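Worksheet: one structure, shown below.
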Amino acid sequence: MAEDIRVRFAPSPTGHLHIGGARTALFNYLYARRQNGVFVLRIEDTDAERSTDESVRMILQDLKWLGLTWDEGPEVGGEYGPYFQTQRLDLYREKLEFLLERGHAYACFCSSETLEKKREQAMATGQQPKYDGTCRNLSRADAQARIKAGEAYVVRLKLPTEGTTIIDDRIRGKMVFENNVLDDFVLARTNGLPMYNFAAVVDDAAMKISHVIRGDDHISNTPRQILLYQALGEPLPAFAHVPMILGADKTRLSKRHGATSVGAYADEGYLPQALTNYLALLGWSFDDKTTLFTREQLIDKFSLKKVSKNPAVFDPAKLQWMNGIYIRQLPAEEYVARALPVLIAAGLLPEPLDEAARAWGGRVALLVKEHLKIFTELPAHVSYFFGETVELDETAKEKMLLAKERPDLFKSLHQKMSMLESFTHKGLEEMMKVLLAEAQVKFGDLVHPLRAAVTGRANSPGIFEVLELLGKERTVKRLAAGLASVGITTEN
RNA sequence: GUCCCCAUCGUCUAGUGGCCUAGGACACUGCCCUUUCAAGGCGGUGGCAUGGGUUCGAAUCCCAUUGGGGACGCCA
């Protein structure tokens with residue numbers, strides 16, 4: 001590798017890991033792996049009010065859940081650490097001094113109230129709400145004096161008033177900004193803490209980030225950042241702005257659109273490989289055919305050139321379909337390992353689990369493996385396996401009615417079942433075959449009412465598997481109850 | 001309001017001037033398979049926002065319009 005590829009994901013710990021953030025992290029991760037580069041995780045916690053340790057914990061956990069392991073960052077360290085911005089304050093102070101000394105930055109004493117008022121006024125009158133430069137031309141001496149006198153101030157970057165700044169984006173090509181539409185933005189707050197644009201640039205430079213891959217909501221920050229790199233005398237990284245992820249109404253994805261945190265999807269029983277695959281396809285594609293990718297394939301195929309420019313609408317239905325695919329691909333043991341806790345949580349299986357319950361629960365879960373799209377729907381699929389009796393739903397009641405046409409057949413079925421020695425798939429099937437031949441009826445005529453009586457619904461996995469797992473006692477009891485509900489009485 | 005970005009089926013997208021009477025996937029839907037439901041197989045509905053150019057030839061290039069999104073913080 002001629003060039004050292006270093007990318008970073010830099011979340012602010014002000015909440016959980018968002019779907020959009022996860023996609024950005026994924027693209028960075030894939031790019032780093034593909035290019036044999038380094039994936040850095042940096043926590044941008046300079047907003048003292050909103051940053052929380054709990055958020056840091058959740059974000060790290062969700063990244064790990066997705067398998068997006070970072071090479072440098074929290075917990076693993078690295079030679080460019082520390083990786084929390086609040087632990088890098090000395091660096092920002094140093095750079096601030098550097099800019100101040102060179103006249104690239106200046107102290108501003110305008111109060112936030114005044115600025116807020118001006119901004120509102122500008123917006124209202126259709127003006128551009130940019131800083132008006134009140135303190136821009138204060139002499140350094142005056143400024144020093146006011147600072148000494150204890151006046152509160154922020155530090156702003158002094159931007160050129162003419163000329164243009166060009167972003168040469170890896171995904172979008174060249175974007176041109178007139179410098180005069182930019183304003184002297186704040187580098188450091190009154191309390192001395194750096195602002196986003198400043199800390200991000202200082203760190204990206206210090207951490208030798210070669211490619212800044214981030215959401216396109218950052219495009220308008222980029223010219224400011226470029227000017228800042230120049231003021232700092234630092235080389236520019238390559239920029240790649242990936243399109244945003246929108247909700248169904250085409251506005252920025254937010255809570256209004258349902259679950260938007262990675263953690264919520266994890267809790268709902270989505271598989272990390274499914275979410276990863278789905279997210280990869282939001283704004284990126286490989287060709288005109290392939291939709292399913294293993295992690296290795298994603299790493300192998302990923303390229304910034306194939307990232308699209310237009311925003312993508314998040315489609316929960318497609319994610320769900322994809323999750324179903326991955327569930328079906330799960331090896332049986334792994335599937336069972338995921339299924340049992342769900343059944344326990346639903347109160348269907350006891351905690352702790354004894355060997356028998358574990359084995360039986362696993363077999364029950366396996367029966368509906370092909371039917372599941374998400375693990376949270378598992379309990380609903382298998383609820384009739386638990387408890388002694390079942391209540392028939394409407395569709396089941398309808399099917400049950402069919403039994404009235406051949407009461408004798410079902411009485412006979414009931415009797416044979418209660419006397420059946422080997423209550424297994426094979427034993428049951430053989431017994432029924434004989435019964436059907438004797439009565440001269442089709443299997444369908446028998447199976448629908450039977451299924452209804454035993455499961456309480458009109459559909460289920462294969463009836464023999466269901467009966468075998470349910471066991472003779474409950475099957476016979478439920479069949480009798482079902483028949484009784486349509487007026488067919490059974491002896492014994 | 002100002003600046004920036006974007007524009008192919010409902011959604012995700014393939015497509016970089018002729019291979020496109022536009023391909024795939026989800027969703028919807030018909031049929032097959034079948035003990036039901038899924039799954040699977042085979043079909044179907046559905047799209048190049050509009051108007052101008054450029055060209056022998058435009059989904060593909062240019063311009064305008066329209067539409068959508070984003071940014072304009074002592075948030076990130």
Side-chain angles (χ1 to χ4, degrees), chain A residues 10-14 21 44-47 49-51 108 110-112 115-116 119 122-131 152-156 167 169 172 175-178 180-183 185-197 199-200 214-223 241 243-244 246 248 250-252 278 281-292 306 308-322 324-325 328 368-373 381 395 399 432 442-448 450-452 455 457-464:
Chain A
S12 69
T14 55
E44 309 217 324
D45 55 353
T46 55
D47 184 342
E49 270 94 69
R50 295 196 295 158
S51 297
C108 168
C110 299
S111 74
S112 35
L115 293 172
E116 182 63 26
R119 196 175 304 125
M123 288 275 214
T125 59
Q127 306 275 2
Q128 207 189 337
K130 56 182 252 190
Y131 178 60
Y153 68 101
V154 299
V155 177
R156 290 180 184 273
I167 308 174
D169 194 273
R172 287 149 210 275
M175 292 181 276
V176 181
F177 291 78
E178 293 292 332
N180 63 23
V181 306
L182 272 21
D183 67 352
F185 62 94
V186 176
L187 299 177
R189 305 159 157 94
T190 304
N191 66 9
L193 286 177
M195 292 285 290
Y196 162 71
N197 279 127
R214 62 190 1 172
D216 73 13
D217 48 333
H218 284 282
I219 287 178
S220 54
N221 281 321
T222 310
H241 288 96
M244 308 241 316
L246 311 177
K250 303 239 185 186
T251 62
R252 200 192 177 106
Y278 178 70
L281 257 20
L282 235 38
W284 173 83
S285 64
F286 172 62
D287 60 13
D288 60 337
K289 297 255 177 326
T290 326
T291 48
L292 265 18
K306 299 284 287 178
S308 77
K309 293 198 264 245
N310 37 346
V313 173
F314 185 80
D315 180 7
K318 190 161 183 175
L319 204 212
Q320 209 167 87
W321 162 79
M322 201 172 269
I325 302 260
R328 270 173 261 138
V368 297
K369 186 178 172 213
E370 314 299 305
H371 295 235
L372 282 192
K373 285 206 169 76
H381 273 99
T395 56
K399 299 286 184 194
M432 276 189 225
K442 290 189 308 241
F443 187 50
D445 298 332
L446 186 68
V447 77
H448 296 298
L450 172 59
R451 169 178 287 118
T455 69
R457 41 183 99 176
N459 44 53
S460 76
I463 193 69
F464 299 116

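Each chain gets a letter, A, B and so on, in the order its sequence line appears, and its residues count up from 1. Computed from a prediction, not measured in an experiment: that's the story for all the values here.
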Item to check | For B:rA58, the Watson-Crick or wobble counterpart (both distances under 3.5 Å) | outcome: none
Item to check | Protein-nucleotide distance (A:D288, atom CG; B:rC19, atom P), rounded to Å | outcome: 15 Å
Item to check | Ring geometry between A:H218 and A:Y196 (parallel below 30°, tilted from 30 to 60°, perpendicular above 60°) | outcome: tilted
Item to check | P spacing across the pair B:rC72 / B:rA58, given as an integer number of angstrom | outcome: 43 Å
Checklist entry - Does B:rA49 have a Watson-Crick or wobble mate here (both distances under 3.5 Å), and if so which one? => result B:rU65
Checklist entry - What integer number of Å spans the C1' atoms of B:rU45 and B:rU29? => result 7 Å
Checklist outcome for this item: Contacts of A:R189 meeting side chain to side chain contact (heavy atoms under 4.5 Å, CB included) (sequence neighbours excluded), chain-then-number -> A:T46, A:D47, A:N191, A:L193, A:M195
Checklist outcome for this item: 5'-most contact on RNA chain B (nearest-nucleotide basis), A:R172 vs A:D287, goes to A:R172
Item to check | Rounded distance in Å between the P positions of B:rA39 and B:rA27 | outcome: 8 Å
Checklist outcome for this item: By the Watson-Crick or G-U definition, both distances under 3.5 Å, B:rC75 is matched with none
Checklist entry - Can you find a heavy atom in the side chain of A:F314 that is under 4.5 Å from one in the side chain of A:Y278? => result yes
Item to check | Partner nucleotide, any strand, of B:rC28 [Watson-Crick/G-U, under 3.5 Å] | outcome: B:rG44
Checklist entry - Got a sec, which residues hit side-chain hydrogen bond (donor to acceptor under 3.5 Å, both in side chains) with A:D445, two or more places apart in sequence or on another chain? => result none
Next on the checklist: Would you measure the distance from the C1' atom in B:rG47 across to the matching atom in B:rU11 and give it in whole Å?
Outcome noted: 12 Å
Checklist entry - Atom NZ of A:K309 to atom C1' of B:rG15: distance rounded to whole Å? => result 13 Å
Checklist entry - Is the shortest side-chain N/O distance from A:N310 to OP1 or OP2 of B:rU8 below 4.0 Å? => result yes
Item to check | C1' spacing across the pair B:rG52 / B:rU66, given as an integer number of angstrom | outcome: 14 Å
Checklist entry - Taking only residues two or more places apart in sequence or in another chain, which ones pass side-chain hydrogen bond (donor to acceptor under 3.5 Å, both in side chains) with A:Q320? => result A:Y270
Next on the checklist: For the P atoms, the ones on B:rG73 and on B:rU16, what distance do you get once it is rounded to whole angstrom?
Outcome noted: 42 Å
Next on the checklist: Using a heavy-atom cut-off of 4.0 Å across all strands, would you classify A:K369 as base, sugar-phosphate, or nothing?
Outcome noted: nothing
Next on the checklist: Base, sugar-phosphate or nothing for A:V176? Non-hydrogen atoms, less than 4.0 Å.
Outcome noted: sugar-phosphate
Checklist entry - When every nucleotide of nucleotides 66-75 of chain B is labelled 5' to 3' by its protein contacts under 4.0 Å (heavy atoms), B for base, S for sugar-phosphate only, - for none, what sequence of letters results? => result ---SSSBSBB
Checklist entry - What are the two closest non-hydrogen atoms of A:A312 and A:G283, and how far apart are they? => result CB-N, 4.4 Å
Checklist entry - Taking atom C1' in both B:rU65 and B:rC12, what distance in whole Å separates the two? => result 28 Å
Checklist entry - When we call it a touch if two heavy atoms are under 4.0 Å apart, what does A:F177 touch: a base, just sugar-phosphate, or nothing? => result sugar-phosphate
Item to check | With A:S460 via side-chain hydrogen bond (donor to acceptor under 3.5 Å, both in side chains) - residues at least two apart | outcome: A:R451
Item to check | C1'-based separation of B:rA49 from B:rU2 [nearest Å] | outcome: 25 Å
Item to check | Spatial distance of atom CE (A:M175) from atom OG1 (A:T222) [nearest 0.5 Å] | outcome: 6.5 Å
Item to check | Closest non-hydrogen atom pair, A:I219 against A:P223 | outcome: O-CD, 3.2 Å
Checklist entry - Over how many whole Å does the gap from A:F314 atom CZ to B:rU11 atom C1' extend? => result 12 Å
Checklist entry - For atom OH of A:Y153, is the number of surrounding heavy atoms from other residues, nucleotides or ligands below 6.0 Å larger than 12? => result no
Checklist entry - Could you write nucleotides 25-47 of chain B as a row of B, S and -, 5' to 3', where a protein heavy atom under 4.0 Å of any base atom gives B, of only sugar-phosphate atoms gives S, and otherwise -? => result BS--------BBBBSS-------
